[in-house]
Amino acid sequence: MSNLAGKTILMSGGSRGIGLAIALRAAADGVNIAMLAKTDTPHPKLEGTIHTAAQQIRDAGGNALPIVGDVRDDGDITEAVMKTQGEFGGIDIVINNASVIDLSTSLDLGAKKYDLMQDVNVRGTFMLSRAAIPQLREAENPHILSLSPPLNPTPKWLGAHTGYTLAKFGMTMATLGIAAEFAADGIAANTLWPRTTIATAAVQNLLGGDKVMAASRTPEIYADAAYAVLTKTAATYSGQSLIVEDVLEADGVTDLSGYAAVPGTPDDRLFPDIFLG
């Protein structure tokens, strides 16, 4: 496939950051994008709401359906699938973007935050993907894409922030399991993760502030790689833990300098992302 024209995407989250960048990249093809997100009103520390994101999608050439809801709520998931089908006639792509991050050590991680990461990251990915399967079965080139890392069960990452690692690896395992289970239906399910940190609010607020932001790449690199994945033939491109930079290089994009958050930053000065660094 050369583009996503006429396709319908159901995304969890997406009010800002990487999810919004992926949506805007797809919107250039005139796609339909339904977003299930909680951010109905402005957050005091974070830019953007589901409504501002929807307007940006429309401005970029796409159709947007903002659905205020929580990926932890089964009723909200069911409603999101039904509303998306009702508005656009089906679902071609599911993007599991919603994710909670807390890098606390095991003794410092609160039980509620542990549960939140499991509920949003793992359960949300599984339940949203599962709910869309009947629609994906009817799609011409169905894809599920989860923004989660390859399974890397080394002591370094299992021990650095065990609670968060479990939640992100859980997203990946759910996705790879779905890929295997529904391979006969021609539904692709893959994960995608970057080699470097991405300049988002999460990096700014949780991973190192201005210093790490300056040594990151822009969300557009993630968006371009996601676009490349979602335009592949689903039946033959599934069950993979993909790396952003590898996807782009496989498509002939070898100069990644334009994605540096601070222009001119050499690749060897970029901050390696957790799980891959």
Side-chain angles (χ1 to χ4, degrees), residues 1-5 7 9 11 14 17-29 31 60 92-97 99 141-154 156-157 168-169 171-173 175-176 179-180 183 187-200 202-203 207 212-277:
M1 295 187 65
S2 60
N3 60 51
L4 297 177
K7 301 299 182 183
I9 297 172
M11 176 186 291
I18 293 167
L20 179 57
I22 291 173
L24 293 177
R25 176 66 181 87
D29 285 354
V31 301
D92 299 281
I93 295 166
V94 172
I95 300 178
N96 294 299
N97 164 73
S99 183
N141 194 52
H143 279 268
I144 296 171
L145 183 64
S146 300
L147 309 191
S148 59
L151 300 177
N152 183 16
T154 63
K156 177 179 181 180
W157 294 126
K168 294 306 288 189
F169 283 179
M171 286 181 72
T172 297
M173 292 183 72
T175 305
L176 297 180
I187 300 173
N190 297 289
T191 68
L192 185 63
W193 199 252
R195 289 196 186 283
T196 74
T197 51
I198 303 296
T200 63
V203 169
L207 287 183
V212 176
M213 285 284 280
S216 299
R217 287 188 169 125
T218 64
E220 282 67 34
I221 191 172
Y222 217 138
D224 286 346
Y227 183 89
V229 173
L230 298 174
T231 51
K232 296 288 192 294
T233 301
T236 57
Y237 197 81
S238 183
Q240 300 184 67
S241 291
L242 301 164
I243 304 302
V244 164
E245 290 82 354
D246 292 348
V247 169
L248 293 175
E249 288 176 9
D251 277 4
V253 182
T254 55
D255 181 5
L256 305 179
S257 61
Y259 294 112
V262 175
T265 304
D267 287 353
D268 60 4
R269 298 296 298 273
L270 294 172
F271 199 82
D273 196 279
I274 57 176
F275 298 119
L276 294 182

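Residue numbers count from 1 along this sequence. Hydrogens, waters and symmetry mates play no part in the numbers below; they use all other heavy atoms, side chains included.
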On a heavy-atom basis, the closest approach of Val31 and Ala5 is CG1-N, 4.5 Å
What heavy-atom pair brings Ile187 and Ser238 nearest, and what distance separates the two atoms?
O-OG, 3.7 Å
Between Leu242 and Tyr237, does the side-chain contact (heavy atoms from CB on, under 4.5 Å) criterion hold? Intermediate values first, please.
CA-CA 11 Å; Leu242 301 164; Tyr237 197 81; 3.7 Å; yes
Measure the OG1-CG distance between Thr175 and Asn190 for me, rounded to the nearest 0.5 Å.
8.5 Å
Residue pair Arg217 / Thr265, side-chain heavy-atom distance below 4.5 Å:
no
Mind checking whether Phe169 and Phe275 have parallel, tilted or perpendicular rings, split at 30° and 60°?
tilted
Quick note, salt bridge (Lys or Arg N to Asp or Glu O under 4.0 Å) partners involving residues 250-262, not counting sequence neighbours, are Lys232-Asp251
Chi angles and distances behind the side-chain contact (heavy atoms from CB on, under 4.5 Å) call for Ser241, Leu176:
CA-CA 8 Å; Ser241 291; Leu176 297 180; 3.8 Å; yes
Looking at Pro194, is its backbone amide N or carbonyl O close enough to the side chain of Asp273 to form a donor-acceptor pair, meaning the two atoms are under 3.5 Å apart?
no
Are any of the side-chain heavy atoms of Pro150 and Ile243 separated by less than 4.5 Å?
yes
Who passes side chain to side chain contact (heavy atoms under 4.5 Å, CB included) against Ser99, sequence neighbours left out?
Asn121, Lys168, Met171
Can you give me the closest heavy-atom contact between Thr197 and Pro272, atom names plus distance?
CG2-O, 4.1 Å
Give the C-alpha distance, both sets of side-chain angles, the deciding distance and a yes or no for side-chain contact (heavy atoms from CB on, under 4.5 Å) between Val253 and Leu256.
CA-CA 7 Å; Val253 182; Leu256 305 179; 4.0 Å; yes
Value rounded to 0.5 Å, distance of CG in Leu20 from CZ in Arg25
14.0 Å
Do Leu192 and Leu145 have side chains that approach each other closer than 4.5 Å (heavy atoms only, starting at C-beta)?
yes
Where the side chain of Thr231 meets the backbone of Tyr227, is there a donor-acceptor pair that is under 3.5 Å apart?
yes
Measure the OG1-CG distance between Thr191 and Asn96 for me, rounded to the nearest 0.5 Å.
11.0 Å
Locate the shortest heavy-atom distance separating His143 from Thr233; write the atom from each residue and the value.
NE2-C, 4.5 Å
Close side-chain approach of Pro149 to Thr172, heavy-atom, < 4.5 Å:
yes
Nearest atoms (heavy-atom pairs only) where Ala21 meets Pro219:
CB-CB, 3.7 Å
Min side-chain heavy-atom separation Ile22-Met11 under 4.5 Å:
yes
By the definition side chain to side chain donor-acceptor pair (under 3.5 Å), identify the one residue from Asp224, Thr218, Thr196, Asp267 that meets it with Tyr259.
Asp224
Tell me the closest heavy-atom pair linking Leu230 and Asn141, and the distance in Å.
O-ND2, 4.0 Å
Gap separating the CD atom of Glu245 from the OH atom of Tyr222, nearest 0.5 angstrom
10.0 Å
Which residues satisfy the side chain to side chain contact (heavy atoms under 4.5 Å, CB included) test with Pro266, sequence neighbours excluded?
Asp268, Arg269
